[in-house]
Amino acid sequence: MREGKLTKSEATSQLIIDNYISLMKKIDFDKITVDYLCQQCQITRSTFYTYYRSIYDLIESIEAQLLSTLSLKKYHTFERSAPLTVPRNATKLWLQNCYDNKFYLISLLGEHGDPYFICKLRQSIKQGIEYEMDLDRISNDIFRPYFLQACTYLYLNVMHHWILSDTSISIDYVASLINAIRASSELIDYHIS
């Protein structure tokens, strides 16, 4: 998750994180033991405990850092309402970060990953979409929660499918697809006679 030159301490922490994530591709997240992880990392248990209180502390640390990085809402800091025909820069930045963290997301969202992480990521995406809807001045009526729920699942599923595929689909294309979902909220006629 870190880029650039790492200190020895940071490198050891990253080694633990990367090995844990790699193991999660084959083993359920809650079945990976400290002993087995240390064996894979070729470190002692005391080294592990220098960085993390438990295996659950490790997974919570990984998830918290990733959720902070992937918060859709944080990319809207300086962005105002955008035309519905143009994908938001925030969406492109979010997708780029998802792609940059593909190694972690594939494991965490995979069959051996933490199901609670999916719930947390979904909640984070939902908050970002709700913020976008406020920027776009989407009516906050009785239908908004339904549309918000649908958009949340679509954003998550489109992103997940995209990072799993080895195709050369560009971020711009995926952002345009997500934007079509966003734009449809303006096109839906909420007023039912």
Side-chain angles (χ1 to χ4, degrees), residues 1-79 88-129 131 152 155-166 168 170-171 174-175:
M1 283 188 236
R2 284 231 18 203
E3 295 179 17
K5 186 128 174 104
L6 302 176
T7 66
K8 184 177 178 184
S9 177
E10 291 169 334
T12 302
S13 178
Q14 195 61 52
L15 174 74
I16 294 168
I17 290 169
D18 289 349
N19 275 279
Y20 181 80
I21 293 295
S22 291
L23 287 171
M24 202 185 302
K25 291 180 181 175
K26 304 174 272 189
I27 304 168
D28 288 349
F29 82 101
D30 58 349
K31 302 285 190 254
I32 300 169
T33 65
V34 172
D35 287 335
Y36 190 65
L37 179 58
C38 289
Q39 181 184 359
Q40 296 300 307
C41 295
Q42 298 179 343
I43 61 171
T44 64
R45 285 174 56 89
S46 62
T47 300
F48 175 85
Y49 288 114
T50 299
Y51 296 93
Y52 303 100
R53 292 183 308 271
S54 67
I55 203 81
Y56 294 103
D57 182 42
L58 169 62
I59 187 71
E60 286 188 23
S61 173
I62 293 168
E63 291 177 358
Q65 188 176 354
L66 198 54
L67 287 168
S68 173
T69 300
L70 298 179
S71 169
L72 181 59
K73 189 174 179 178
K74 86 174 188 179
Y75 297 109
H76 291 288
T77 308
F78 301 107
E79 191 169 22
R88 291 182 176 281
N89 286 332
T91 304
K92 292 179 185 180
L93 290 170
W94 178 72
L95 285 167
Q96 182 64 56
N97 255 320
C98 290
Y99 189 82
D100 292 345
N101 288 284
K102 174 180 179 172
F103 170 72
Y104 306 100
L105 285 170
I106 287 173
S107 290
L108 286 166
L109 297 174
E111 68 177 295
H112 300 292
D114 179 4
Y116 297 111
F117 174 74
I118 297 169
C119 296
K120 294 176 207 173
L121 181 58
R122 192 179 301 127
Q123 183 61 32
S124 174
I125 292 169
K126 185 177 182 179
Q127 290 169 352
I129 294 169
Y131 186 75
T152 300
Y155 273 51
L156 179 60
N157 289 331
V158 166
M159 177 276 292
H160 190 213
H161 182 71
W162 176 62
I163 64 168
L164 284 175
S165 66
D166 285 332
S168 59
S170 71
I171 287 175
V174 179

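Along the sequence shown, residues are numbered consecutively beginning with 1.
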Between [X] (side chain only) and [Y] (backbone N and O only), is there a donor and an acceptor less than 3.5 Å apart?
{"X": "T69", "Y": "Q65", "result": "yes"}
{"X": "S13", "Y": "S9", "result": "no"}
{"X": "Y20", "Y": "F29", "result": "yes"}
{"X": "S68", "Y": "A64", "result": "no"}

Looking at side-chain heavy atoms only, is the closest gap between [X] and [Y] below 4.5 Å?
{"X": "L121", "Y": "I125", "result": "yes"}
{"X": "Y104", "Y": "D18", "result": "yes"}
{"X": "T12", "Y": "T50", "result": "no"}
{"X": "L67", "Y": "F117", "result": "yes"}
{"X": "K25", "Y": "F103", "result": "yes"}

Next on the checklist: Hydrogens and angles aside, do T44 and S46 bring a side-chain donor and acceptor to less than 3.5 Å of each other?
Outcome noted: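 There is such a pair between these side chains.
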Checklist entry - Any luck finding a side-chain donor-acceptor pair between D35 and Q39 under 3.5 Å? => result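 Absent: no donor and acceptor within the cut-off.
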Distance from [X] atom [atom1] to [Y] atom [atom2], nearest 0.5 Å?
{"X": "Q40", "Y": "L37", "atom1": "CD", "atom2": "CG", "answer": "8.0 Å"}
{"X": "L105", "Y": "H160", "atom1": "CG", "atom2": "NE2", "answer": "8.0 Å"}
{"X": "E10", "Y": "I17", "atom1": "CD", "atom2": "CD1", "answer": "10.5 Å"}
{"X": "I21", "Y": "L58", "atom1": "CD1", "atom2": "CG", "answer": "7.5 Å"}
{"X": "I32", "Y": "I27", "atom1": "CD1", "atom2": "CD1", "answer": "5.5 Å"}
{"X": "Y155", "Y": "S124", "atom1": "OH", "atom2": "OG", "answer": "12.5 Å"}

Where do [X] and [Y] come nearest, in terms of heavy atoms and distance?
{"X": "A175", "Y": "K92", "value": "CB-CG, 3.7 Å"}
{"X": "H112", "Y": "M24", "value": "CB-O, 2.9 Å"}
{"X": "Y99", "Y": "W162", "value": "CB-CH2, 3.7 Å"}
{"X": "L108", "Y": "E63", "value": "CD2-OE2, 4.0 Å"}
{"X": "C38", "Y": "F48", "value": "SG-CB, 3.6 Å"}
{"X": "C98", "Y": "I163", "value": "O-CG2, 4.2 Å"}

Checklist entry - Given the rule in the side chain to side chain contact (heavy atoms under 4.5 Å, CB included) test, do L72 and Y131 qualify, once you have shown the distances and angles that lead to the verdict? => result CA-CA 9 Å; L72 181 59; Y131 186 75; over 6 Å; no
Next on the checklist: Surrounding CZ of R45 (heavy atoms of other residues, nucleotides or ligands, distance under 6.0 Å), is the total greater than 12?
Outcome noted: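 Result for CZ/R45: enclosed.
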Checklist entry - Just wondering, are more than 12 heavy atoms of other shown residues or ligands nearer than 6.0 Å to OH in Y116? => result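 Open.
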Item to check | Worked verdict on M159 versus L70 for side chain to side chain contact (heavy atoms under 4.5 Å, CB included) | outcome: CA-CA 12 Å; M159 177 276 292; L70 298 179; 5.8 Å; no
